[in-house]
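Working notes, beginning with the structure itself.
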Number of protein chains: 2
Amino acid sequence: MAVTIKDIARKAGVSRTTVSRVLNDSGYVKDETRQKVLKVIKELNYTPSAIARSLSTNKTNTIGVIVPEINNPFFGEIIKGVSQVADEHDLNIILCNTDDNREKELKALKLLKEQRIQGIIITPTYAEDQFNSEYLSTLENLGIPVILLDGHVKYTDFSGIFIDHVKGAYDATKALIEAGHKKIAIINGRKNYKITIDRLKGYKKALDEYNIAIKDKYISYGDFEYKSAYKATKQILKMDDRPTAVFVTSNMMILGSIRAFYEENINIPQDMAIIGFDKIDAINIIGMNISFVIGPSIEMGKAGMKMLIDNLDNKKSREEIKRITLFPELVLKGSEKFIGNKCE
Amino acid sequence: MAVTIKDIARKAGVSRTTVSRVLNDSGYVKDETRQKVLKVIKELNYTPSAIARSLSTNKTNTIGVIVPEINNPFFGEIIKGVSQVADEHDLNIILCNTDDNREKELKALKLLKEQRIQGIIITPTYAEDQFNSEYLSTLENLGIPVILLDGHVKYTDFSGIFIDHVKGAYDATKALIEAGHKKIAIINGRKNYKITIDRLKGYKKALDEYNIAIKDKYISYGDFEYKSAYKATKQILKMDDRPTAVFVTSNMMILGSIRAFYEENINIPQDMAIIGFDKIDAINIIGMNISFVIGPSIEMGKAGMKMLIDNLDNKKSREEIKRITLFPELVLKGSEKFIGNKCE
DNA sequence: TTGAAAGCGCTAACAT
DNA sequence: ATGTTAGCGCTTTCAA
């Protein structure tokens, strides 16, 4: 392949500098010359090399995006948001999927650094509840802006977009209470994760506000996968003092709960009310009308990319750490309702 | 930032060539020297510039991936497959999401070309049923291997991984017939798309084989979105000679059908059997037990990436067009069953 | 308004 | 086993 700026220059009878000028609309160049050059560019089907340009300008216009699970629509939507904003600014995205694996995350970081990306957006893996030190130092040594998306990282100081999980859980629990429930169970995520802790906090806060006693037996934990919630739900259904409502804190887990209900012929909300955290479109499309607290995934992607671009522009203020908190949206479809008089 | 090979060379008291040699494990270098160099690299936290290397070697080790809808898990899984194989070969992925928009696709192609990617994997947009000429020529002029994934492109000659939609539809229809159905409706995709035509072909083939008359009124079309299937399903339910089974040809559309059933209190499979094309995990997780013909998305991604790597390696045979056809898998869960004696 | 020349960070003959 | 040199394709002073 390889038609270069040199070929254009020769054929147009000008210098490489001039060609570069018309390419970048910089400096003066007679209109006549410009036309001549443009014509040759067309003829030779020339596309400038971003590689050479990057080397020369020390700018790649490329950012790295690291996600743990590209096939989960939640991350798909984050990327969608990121790429929308990136598009508007002609930024390239190098994507790394880590399968929730710390090794791969480290490797991705190394690859991205070699590529001299200008910034990085990362949704930290759920595999551990806090960054380990190697990972942390790698991230810091990158020497470029890092934006965390929904990172449950409390010990570090990166900029990022965060979701208020306390508020989300509070809203959900409150909705249940206001629908008339007093016996409300929560099926939460992995025990020592920040999001898990936050959500429990929100749950408790709502109960407290309404002077409803918090019962430990109504609090259970899963691992974000549907099977764990399935089991937890089965347990809940066996309880003597059975709850009338369940708050399930992840999109995969709510599927497990619904399955358990299904198997036990429990109707929603006639026999049991439910609210989930992070939606699953499919189940509402088929008409199940499940209520959700929805983490704003596309918005988070957009906001993250915008923040990164800001950081890129004002290099001086790079030390300054910015954090934006987004609030989940409560979407009530009816599954939260209290029908009353259930089980004893 | 910017610690370069020069800095390493100076500090280690060797030439840049030597540093380059230890970096790439090429040529001879005394172990003692190697250690010295490696030590300095560590000390200075040096990461080589892929940009400079690319310019020098004329190889970027980067490929482009273009998808129409990153937030659809089907494409998410394709990317997952692609990136697994890419990882193994230390290839970077520049991702472009086009929102099913031809303009964006063209722009993405331009950006990728500037980045001097070495190959491209593309799942052509569904927005039109065939490539337009500008797009086609852009693709051909890229001068690099292009791999089509599930492209319903009949007029062109790119390599690619294809799914046998005829076979998939045939299998689904046959399963319905063998379960005992004779009145089988199909809710198909957009009318003049290749996948739509292929799937209709498979549907008819199965009916023919079992000497079941093909009724036009049992054949309807949608637009791949759930609403269109919802409407089509409602129509079907109103028919005098109502079918006992429906084959719905896209993952979004089957959700619309299920909703329609739900609203009309139609139970699956007691009142109506159903098989879908391309799965939706969620609805089976909750326990609905819907049967699907599943397009192998992750596999397709892997196969596509492997094919691309092959093309990259044997440049000579680049003209040679390779096509691999993958077969959808029929997964029967019970929704295809014939319960008999339904409606008149 | 244009061009010459140096340089971005690396690799790859070719010498030694 | 190591170093010298040129060059990859572009931008960017500086001069003309």
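Throughout, protein chains are lettered first and strands after them, A, B, ... in sequence-line order, and every chain is numbered starting at 1. A quick note: this is a predicted structure, and the numbers were derived from the prediction, not measured.
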Check this for me, if you would: do [X] and [Y] make a salt bridge, where the nitrogen-to-carboxylate-oxygen distance has to be below 4.0 angstrom?
X       : Y       : value
A/Lys39 : A/Glu43 : yes
B/Lys80 : A/Glu69 : no
B/Arg34 : B/Asp25 : yes

Rounded interatomic separation in angstrom, taking [atom1] from [X] and [atom2] from [N]:
X       : N      : atom1 : atom2 : value
B/Leu55 : C/dA12 : CG    : P     : 12 Å
A/Lys59 : D/dC10 : NZ    : P     : 17 Å
A/Ile41 : D/dC10 : CD1   : C1'   : 13 Å
B/Ile5  : C/dG7  : CD1   : P     : 18 Å
B/Asn24 : C/dA13 : CG    : P     : 13 Å
A/Asp25 : D/dT11 : CG    : C1'   : 15 Å
B/Ile51 : D/dT11 : CD1   : P     : 14 Å
B/Arg53 : C/dT11 : CZ    : C1'   : 9 Å

Okay, side chain of A/Ser54, backbone of A/Ala50: is any donor-acceptor separation there less than 3.5 Å?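 Between the backbone of A/Ala50 and the side chain of A/Ser54 there is a qualifying donor-acceptor contact (under 3.5 Å).
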Between the main-chain N or O of A/Thr60 and the side-chain N or O of A/Thr62, is there a donor-acceptor pair closer than 3.5 Å?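 Yes; at least one donor-acceptor contact below 3.5 Å.
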Distance-only donor-acceptor test (3.5 Å): side chain [X], base [N]:
X       : N      : answer
B/Thr18 : D/dA1  : no
B/Arg21 : D/dG3  : yes
B/Ser20 : C/dA12 : no
A/Thr33 : C/dT1  : no

Among [options], which nucleotide sits nearest the side chain of [X]?
X       : options               : value
A/Lys30 : C/dT2, D/dG9, D/dT2   : C/dT2
A/Arg16 : C/dT11, D/dT2, C/dA6  : C/dA6
A/Thr4  : D/dG9, C/dC10, C/dA12 : D/dG9

Give a yes/no on whether any side-chain N or O of A/Tyr28 is located under 4.0 angstrom from OP1 or OP2 of C/dG3.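 No, no such contact exists.
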Can you see if the side chain of B/Ser15 gets near the phosphate of D/dG3 - specifically, an N or O under 4.0 Å from OP1 or OP2?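 B/Ser15 to D/dG3 OP1/OP2: side-chain N or O found under 4.0 Å.
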How is B/Thr17 classified with respect to the nucleic acid when contacts are heavy atoms under 4.0 Å: base, sugar-phosphate, or nothing?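 Base: the residue B/Thr17, judged by heavy atoms under 4.0 Å, touches a nucleobase.
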Quick check: on DNA chain D, is the nucleotide nearest B/Asp31 upstream (toward 5') of the one nearest A/Ser56, or the reverse? Name the residue that is more 5'.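 Going by which nucleotide is closer to the 5' end, it is B/Asp31.
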Would you mind telling me which residue lines up with the more 5' stretch of DNA chain C, B/Ala52 or B/Ser26, judged by nearest nucleotide?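 Closest to the 5' end, via its nearest nucleotide, is B/Ala52.
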